[in-house]
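Quick note on labels: first sequence line is chain A, next is B, and so on, each numbered from 1. Both backbone and side-chain heavy atoms feed into the values below; hydrogens, waters and symmetry mates do not.
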Protein chains: 2
Amino acid sequence: MASNKKFAEIATKWNEAEAVNHDIVLSTRVRLARNLAALPFPHGMTLAERQELIDAVGRAMKDTPLGQSGYCFFRGEELTELEKALLLEKHLISPQFAGGMKEQGILISADESIVVMIGEEDHVRIQSFLPGLQLSAALAGANQVDDWLEQGLDWAFDDKIGYLTACPSNVGTGLRASVMVHLPALAMTGRLEQLFAAMGKLGLTVRGIYGEGSESMGALYQISNQVTLGYSEEEILARLETVINQISAEEQKARDWLKEQQTVKLHDMIWRAYGTASFARTLSLREMMDCLSRLRLGVDLGILERMNKSQLNKMLIGGQDHFLMKEDGRELAAGDIDILRASFIRGVLDGK
Amino acid sequence: MASNKKFAEIATKWNEAEAVNHDIVLSTRVRLARNLAALPFPHGMTLAERQELIDAVGRAMKDTPLGQSGYCFFRGEELTELEKALLLEKHLISPQFAGGMKEQGILISADESIVVMIGEEDHVRIQSFLPGLQLSAALAGANQVDDWLEQGLDWAFDDKIGYLTACPSNVGTGLRASVMVHLPALAMTGRLEQLFAAMGKLGLTVRGIYGEGSESMGALYQISNQVTLGYSEEEILARLETVINQISAEEQKARDWLKEQQTVKLHDMIWRAYGTASFARTLSLREMMDCLSRLRLGVDLGILERMNKSQLNKMLIGGQDHFLMKEDGRELAAGDIDILRASFIRGVLDGK
């Protein structure tokens, strides 16, 4: 197994965490759901209509900057199963899209800050990815793509309620803003459940790193807006940003408390994770993610001076099953992947 | 807290494991129980009689090589609580002796291969310590001391049953031979209980590293003869040696099996222990002992080439509470000792 496509490399825009000075918020994603007025929603489309959708969007792109170099367009059949899995492990596409039918299309910008899925739950889902907490900038990126596409496409839009979408939960702005946060100190001090319950009341949703229905791993959570109707895009983002800033402050307080009141326990935990990462010969995905969480906390708190965020970011993407398989070039059993993962992690620590 | 006595150093004869080419048997101890015919057994003695005992044994020693340089004699009151604790942590005296009354005496040879306790359960307990499996040599060492003492002392002896002792279980030869074995592979493969049950039927006793009633730690066990009556010293030792050789062979088989059939699991376990030893900031005694067991297995199997047995032996003695306190010079709380232990272990790994 191999891939020569650029997105098969580990680096991706949202994971350039060095670029943004934010320890707790790893990344921001904004997506806009759009549908063509002339076609039924994807779940009711024939294969011919799906083909028509891809052709229409492809044509609309062609006459805009999206058709220029700097953007790559792929039809579903041009991507192997491995390549779809790699895109999924970079969180650039949804599990639904990765496992979907043939008649799909995807547009990816060179730095992967823009990814447009065609033929997912909605006709078009414009996604904008940035590192750290950059809600407005991410929205601006998505809006720019929306504007370009609108020049050639007629979106399903109702003057009273806004953009029409396949699922009522997206009707209105079609906007979902999602922020990936790292909350190890709140997890350790047992404060998360209470905070997450409060977020539900504020119309926000909390998910694990692998999206809807996924468990949390490595103290990484995706926090996003639930409601898209009845508020402006700016209002939705402002509310999310307020909550994210509050939760970041809480996490920072919990980190300070651990650092001052639980110094030995904290250092012990972080250095043991470093020991495991340095020497384990087999690592499950879950254990790697837990290790990474502790290592990241150690880097954030200045305890693990011998590591840096580039290493952590490389491990976060490259330590996943399909990235490991791609490197190894073979289809592997679960036990073999865990061995490969441990070896990969040791290699990154050794500066490879 | 401090001690300038030589036995307060970490090195001790039985722990010179490099000297004897035996991976599984760490050390051999032979002890002879002897009592003076003219005095009641210790549990029935007055303080004056205990004083008389020490004087009598002291006089008898004086005219033999035991009175020369190369041997140190201490009265109980010359040893601090810390020093008794250090002797206990080196397994050179019994907990009973360490916690006993004032009127005690102890003779220690320069290399600590000979330790005589006076006023323990019996009047005199001659102990001979050697590294590896050296039952005959250890018995010869103890017998030599017995011969020297006999020149000036009249042992309680019955022509029919042999030496008389405070506890009937020691009557006859007064001999207890004890071998410290490291059985990590048998412990991992769940075979120990069955083997230990069989040993009971053969008249042998199995104890943890801290003696009677102690739990096992770090897969270290002391195997000794139960019966001292009705067999010659040579018969007792031959039977013990046969069983020890059998159990060593079983352990070796289990190690080979792990090495061949559970390669990754074995390497992973050993290297993780190395990671913990290298980076933990707090280590309980139990966790240190478990780590040491895995590290020792790694060294034995040639997996941990960067470590050697001197380091392991240093950790085994020096990583105990009182040796750590002695180095630190203060009385410490349990949590502080665990921090000190982790730091000591890291230091030994760093070649300190």
CE of Met269(A) to CZ of Arg281(B): how many Å apart, nearest 0.5 Å?
13.0 Å
Considering only heavy atoms and a distance below 4.5 Å, find which of Lys265(A), His267(A), Arg272(A) pairs most often with chain B.
Arg272(A)
Is the CD atom of Gln261(B) crowded by more than 12 outside heavy atoms at less than 6.0 Å?
yes
Most contact-rich option vs chain A, by heavy-atom pairs under 4.5 angstrom, among Thr276(B), Val264(B), Leu283(B), is Val264(B)
If you compare all heavy atoms of Phe279(A) against all heavy atoms of Ser278(B), which two are closest, and at what distance to 0.1 Å?
CE1-OG, 4.4 Å
